[in-house]
Amino acid sequence: MSERDDHDLRDRFQQLRREDMAGVTPFHAALAAAAARRPASPRPPALRLAAAAAVIAALAVAVVVATRGRHGMAIDLARAPWEVPSDFLLQVPGAELLRTVPELGRVTLPFHYVDTDWRTP
Amino acid sequence: MSPDALELELERLHAAAFGWALACCAGDRAAAEDALQASYLKILDQSARFDGRASFRTWLFGVVRRTAAEQWRRAALRRLLPLAVLEAAPDGRPDPAVALARAEATRRLEAALASLSRRQREVLHLVFYQDLSIAEAAAVAGISVGTARTHYERGKAALRRLLEEEGNERT
């Protein structure tokens, strides 16, 4: 792109600018129109904060009311099947000893070599 | 900056700011005046404050650009609402009477600009119409200098091609 082309484009834009400026509203008229758009009684910051707090409180109340009637499904913890991943560590030989009540004169071990009628001679 | 100094600066840049607002509103004069007034209101009410990080002109153009975009979004929302048919919202096109009064070359330029992307149009306007540097244009458009340079180069090439094509069709 040559400088001449840039000048050509710049000239076109400046022509556009001259035409745009032909009907521009005077500054003070624009400023007065801007001032006229201002609300009659602008809210002070404290009032804005109070309004925001009221909206947040109303939302919080709405959320509480909406969720009050909802109850989650009751879970019976006593019946709930649950297997501990480390259960296998408790499956050792002789574990029955831990689950049964020992009785005098009787051995409940599952080992075959144990004679349950064993008596002291 | 004191309110008096602020007003003086705004007055000095009023015409340029109107031109920029016009570019941001796709040539719609009513929408441009609306955006400019809303920008002045933001500045006077200090909801937009000049912090001195950029030049006053760059900052003012940024405020105008954001305000025009807000108004465009609001107008688009109004058009979506069912009650929008009851009010005559501007459609973003230039006033036909104004368009008729335009010089032929200017109308060709506007038509070609309308074919470019928004970013390209913005950067070319800021550089050629407002005499800003590419770095200043980048600051106004909120993009990096490298991106602005790319938009500038591609926009220039596309604009020249469009103007030449139209010139060839007319001859």
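Residue numbering restarts at 1 for every chain, and letters A, B, ... go by the order of the sequence lines.
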For A:Phe13, which of B:Thr106, B:Asp131, B:Leu124 qualifies under side-chain contact (heavy atoms from CB on, under 4.5 Å)? B:Leu124

Donor-acceptor check, side chain of B:Arg29 to backbone of A:Asp20, threshold 3.5 angstrom: yes or no? yes

Contact class of B:Leu163 relative to chain A, heavy atoms under 4.5 angstrom: side chain

In terms of hydrophobic clustering (I, L, V, M, F, W, Y; side-chain heavy atoms under 4.5 Å; direct or indirect links), are B:Leu41 and B:Phe61 co-clustered? no

Quick check for you: among B:Glu11, B:Lys42, B:Glu7, which has the greatest number of heavy-atom pairs under 4.5 Å with chain A? B:Glu11

Is B:Val140 linked to B:Trp72 within one hydrophobic cluster, defined over Ile, Leu, Val, Met, Phe, Trp and Tyr using a side-chain heavy-atom separation of less than 4.5 Å? no

Looking at B:Arg160 and A:Asp8, is there a salt bridge between them, counting it only when a charged N and a carboxylate O are closer than 4.0 Å? no

Structural part of B:Leu10 lying under 4.5 Å from a heavy atom of chain A: both

Could you tell me whether B:Arg57 atom CZ has more than 12 heavy atoms of other residues or ligands within 6.0 Å of it? yes

What part of B:Leu109 lies closer than 4.5 angstrom to a heavy atom of chain A: side chain, backbone, both or neither? side chain

Residues 24-32 of chain A: residues contacting chain B (heavy atom under 4.5 Å, by number): A:Val24, A:Thr25, A:Pro26, A:Phe27, A:His28, A:Ala30, A:Leu31

What about B:Tyr152 and B:Tyr129, same hydrophobic cluster or not, with Ile/Leu/Val/Met/Phe/Trp/Tyr joined at side-chain heavy-atom distances under 4.5 Å? yes

Heavy-atom closest pair, residues A:Arg10 and B:Val127: NH1-O, 3.3 Å

Max heavy-atom pair count under 4.5 Å with chain A, selected residue of B:Ala38, B:Ala105, B:Ser39, B:Gly19: B:Ala38

Under 4.5 Å, heavy atom to heavy atom, which residues of residues 56-63 of chain A contact chain B? none

Looking only at heavy atoms, which two atoms of B:Phe18 and A:Met21 are closest? And how far apart? CD2-CE, 4.4 Å

Greater than 12 external heavy atoms within 6.0 Å of B:Arg149's CZ: no

Are A:Asp11 and B:Phe128 side-chain neighbours, meaning at least one heavy-atom pair lies under 4.5 Å? no

